[in-house]
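Notes to accompany the following structure.
Every chain is numbered from 1, with letters handed out A, B, ... down the list of sequences.
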Amino acid sequence: MTGLLWVTVPYVAFTSFLLGHIWRYRHDQFGWTTRSSQLYESHLLRWGSPLFHFGLLAVLGGHVLGIAIPASWTAAAGVSEQAYHLLSVSFGTLAGLATVAGLGILLYRRSTVPAVRKATTTIDKGMYLLLSAAIGTGMLNTVGSNLIGGGYDYRATVSPWFRSLFTIHPQPELMAGTPVSFQIHNLVVLALLGLWPYTRLVHVFSAPLGYLTRPYVVYRSRDANHPGARRYARAWEVSAPPSARR
Amino acid sequence: MKLMAQLAMVMNLDKCIGCHTCSVTCKQAWTNRTGVEYAWFNNVETRPGQGYPRQYQDQQRWKGGWTLTKRGRLTLRSGSRFKRLLNIFANPDLPTVADYYEPWTYDYDNLLSAPAMDTTPVARPKSLITGEDTAVTWGANWDDDLGGGPQQVSRDPVLAKLSAQVKLEFEQTFMFYLPRICEHCLNPSCSASCPSGAVYKRSEDGIVLVDQDRCRGWRQCVTGCPYKKIYFNHKTGKAEKCTFCYPRVEVGIPTVCAETCVGRLRYIGVVFYDADAVLAAASVPDERDLYPAQLGVFLNPHDPRVVAEAERAGISQEWIEAAQVSPVYQLIVDYQVALPLHPEYRTMPMVWYVPPLSPVVDALAGTGHDGENADNLFGAIDALRIPVEYLAELFTAGDVGPVRAALRRLAAMRAHMRRVNLGEPVAPEIAESVRLTPTEIEAMYRLLAIAKYEHRYVIPSAAGADAHRLDALATGCSLDSDGSPGMTAFDVMDGKFHLTAHPSDTNGAAAPADKARRINLLNWDGKSTNGLFPAVPISNGPVSNGQISHGSATNGAEPVAERTR
Ligand code: SF4
Ligand code: SF4
């Protein structure tokens with residue numbers, strides 16, 4: 001069971017994440033979009049969306065710090081466990097609150113504004129469900145276990161387990177004794193990762209940072225579109241040779 | 001110097017009757033799809049009026065186009081690139097459906113399916129976005145012909161710029177129509193504001209297009225364009241815009257709007273310009289210098305140095321010859337009767353307008369004067385503050401000088417030609433007073449009044465631009481390749497067409513399933529009725545709409561497997 005949950009499931013999710021993105025990038029450039037609904041409604045979005053996105057970016061940054069960087073490194077850098085804990089919980093809570101508030105506004109908007117509700121697809125709904133669950137359980141872990149409860153040192157169990165997945169020697173046993181709320185959070189996030197490439201979340205990988213450095217106006221030669229250089233096969237047929245037509 | 005070629009358009013506003021044929025045919029060709037119901041690549045607005053979308057010219061609010069920084073550098077009015085990226089999650093300057101209008105249809109089925117009753121059944125308006133009942137409160141031309149009265153018309157942002165006294169004279173109402181498409185600007189702020197680099201200007205002909213595969217739906221271009229000529233497809237989540245009917249002009253036939261224009265008032269031709277000079281011209285400090293600055297960017301195609309430079313830039317002989325007889329260049333540079341729309345947006349627009357003289361003539365005739373007499377007309381142009389000031393706000397950033405000059409030339413032409421038509425002796429001083437000779441003024445008359453199709457549309461084919469490239473292909477029979485002389489225009493069109501029938505242009509999900517039975521105006525050349533009428537009864541199975549000989553790709557019937565190969 002431990003092996004299934006903490007080795008098989010993550011690898012299945014990663015595979016889906018990776019191959020899904022490659023497949024979609026190669027075959028569905030046209031579908032690769034934020035599918036923004038701002039055209040329908042702007043007022044709620046202007047509060048909810050920045051709160052949510054910036055909050056989530058901070059949360060992601062926190063996760064990278066907490067998971068990718070081993071406790072021994074921060075200790076070596078002279079950051080005590082208490083100091084780390086204080087920092088991560090306070091910043092994590094702030095970022096989490098912004099994210100939750102933003103998500104709340106966005107979900108309210110999505111369910112009450114008729115045009116936005118109409119534009120919500122089934123996969124969107126699944127995505128929202130997983131996203132809300134991931135953020136909800138994450139918030140529970142930060143606030144519930146770490147702030148109110150005694151605190152749980154995930155850097156001794158969850159983080160090394162996650163890192164071990166990227167070595168050839170996954171260590172599922174590290175996850176065995178972790179609190180249930182952490183386990184659920186992990187599973188929900190893994191499910192979200194698995195679903196990711198098939199949702200509009202793909203827009204994350206189009207973050208247009210190149211915009212800051214490129215020239216303002218983009219010129220492109222028509223040759224790229226020329227029938228001779230087309231990426232797709234020609235789907236029409238010349239009905240008769242030109243000579244026969246005259 | 002970097003010489004580039006641009007396909008440009010001029011519209012003669014005196015002849016526009018506001019019939020909206022251009023808008024309707026454009027819509028049939030390009031935007032009769034879910035997600036772009038509200039998109040009018042071509043729209044015709046009554047001036048004075050609010051335009052479409054409502055008050056789009058109010059750049060304090062919509063932040064379109066360019067502006068100068070304190071240090072005189074050109075920057076997007078909506079802010080630096082960094083600021084644009086920070087605003088990417090919620091664009092504060094984006095018009096919403098309410099600023100356009102909520103597209104709707106009618107519940108026609110109710111007219112047939114309602115049970116027998118005493119009252120007549122009605123077809124209720126239904127929102128095309130939510131599918132629910134809706135109240136129709138605005139449309140793409142709601143204030144057409146000054147509809148809605150002073151209450152609506154006074155919201156015109158251009159009117160707001162006029163002096164109070166001129167506004168008071170507004171009772172002497174005047175109006176004219178302003179048909180608008182994308183300006184295919186030399187300095188497009190839409191492209192400059194696209195974070196993904198999906199909006200690009202084609203280096204061969206200057207047409208500005210959105211790469212549907214690269215657009216990620218950041219919707220910054222909608223804000224960037226001061227003319228609000230980029231529309232966000234709310235179904236596919238991608239930006240769409242006027243394409244200058246590139247599949248048509250590539251084979252040398254005019255855009256659908258020009259082809260179908262009832263007033264025959266549109267001109268299409270090539271203009272050469274110096275791309276290296278664009279930035280400096282767009283950055284001149286005084287807004288009123290922008291019109292002359294843009295004139296300074298254009299290159300004289302008769303100048304041997306320009307021709308040599310064009311050849312060096314790989315521009316084909318066909319294009320150079322087209323530039324030399326370009327009706328657009330004549331109207332803009334030779335006669336200087338065409339003016340750019342809102343040069344103060346600093347995008348260097350390339351759809352120019354011959355301002356309408358008719359409001360002046362009408363005002364004269366209304367007071368019992370002879371509206372064809374040169375002296376009367378000249379006097380009226382100088383004396384009438386509306387419409388001249390209004391036109392100046394539209395075309396020259398408020399500088400009445402160029403507008404007066406253009407109107408005086410039109411007036412001189414009118415007076416001169418009346419003498420000719422009535423067999424009266426020609427008075428050369430009329431032509432001279434606007435610095436033209438009688439011969440020139442008659443040539444201008446022919447171009448503006450009676451020019452034939454081939455003189456209004458001088459469009460070299462893209463195949464011509466490719467000639468040097470095709471020649472270079474030493475292998476194979478040149479008659480086998482697309483765009484070669486062995487193929488007719490329509491053969492090439494079929495190939496182009498494939499692009500529009502391709503899912504990357506009209507998303508499978510958004511393209512109506514019964515597209516094949518729809519009317520197709522995109523490849524109409526005025527010579528046959530193919531594609532104008534659905535040919536097959538709705539109930540028939542396999543689809544054929546009379547287009548077979550012109551390429552089945554238009555039917556959108558390409559197999560899925562083909563697409564992804
Ligand atoms: S008018 Fe056309 S080319 Fe100019 S900024 Fe707008 S969309 Fe771009
Ligand atoms: S079709 Fe021609 S005359 Fe009619 S509205 Fe359009 S531009 Fe004006």
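- Proximity to chain B is absent for every atom of A:F205, based on heavy atoms less than 4.5 angstrom apart.
- When the candidates B:G197, B:C215, B:S196 are compared by the number of heavy-atom contacts under 4.5 Å with chain A, B:G197 comes out ahead.
- Ring to ring, B:W218 and B:F232 are not that close: their centroids are 6.0 angstrom or more apart.
- Both the backbone and the side chain of B:N91 come within contact range of chain A, with heavy atoms under 4.5 Å apart.
- Between A:W196 and A:H21, the ring planes lie tilted relative to each other; the angle falls in the 30° to 60° range.
- Of the possible donor and acceptor atoms, none in the side chain of B:T347 sits under 3.5 Å from a partner among the backbone N and O of B:N187.
- With A:T15 contributing its side chain and A:Y11 its backbone, the two residues share a donor-acceptor pair below 3.5 Å.
- Chain B forms more heavy-atom pairs under 4.5 Å with one residue of A:R200, A:R46, A:H203 than with any other, namely A:R46.
- In terms of heavy-atom pairs under 4.5 Å with chain A, the best-connected choice from B:F89, B:Y100, B:F82 is B:F89.
- Listed options B:P95, B:S193, B:G131 were ranked by heavy-atom pairs under 4.5 angstrom with chain A; first place goes to B:S193.
- Highest contact tally toward chain B, considering only A:S36, A:A115, A:P50, A:P215, is held by A:S36 [criterion: heavy-atom pairs under 4.5 Å].
- Two residues are said to be in side-chain contact when any heavy atoms from C-beta on lie closer than 4.5 Å; A:L56 and A:I135 meet this criterion.
- Minimum heavy-atom separation, B:M348 to B:V278: CG-CG1, 4.3 Å.
- For B:Y38 and B:Y231, the gap between ring centers is short of 6.0 Å.
- Taking A:D28, A:L45, A:L39 one by one and counting their heavy-atom pairs under 4.5 Å with chain B, the maximum is reached by A:L39.
- Both the backbone and the side chain of B:I129 come within contact range of chain A, with heavy atoms under 4.5 Å apart.
- When heavy atoms are compared at a cutoff of 4.5 Å, B:L128 does not approach chain A at all.
- For A:F14 and A:F166, the gap between ring centers is short of 6.0 Å.
- Proximity to chain A is absent for every atom of B:V222, based on heavy atoms less than 4.5 angstrom apart.
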Derivation of the side-chain contact (heavy atoms from CB on, under 4.5 Å) call for B:V210 and B:Q212: CA-CA 6 Å; B:V210 183; B:Q212 293 291 298; 3.8 Å; yes

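- Residue contact with chain A, scored on non-hydrogen atoms closer than 4.5 Å, involves the side chain of B:I88 exclusively.
- Ranked by heavy-atom pairs under 4.5 Å with chain A, the first of B:A198, B:A192, B:G237, B:P188 is B:A192.
- For B:C190, no part sits under 4.5 Å from any heavy atom of chain A, backbone or side chain.
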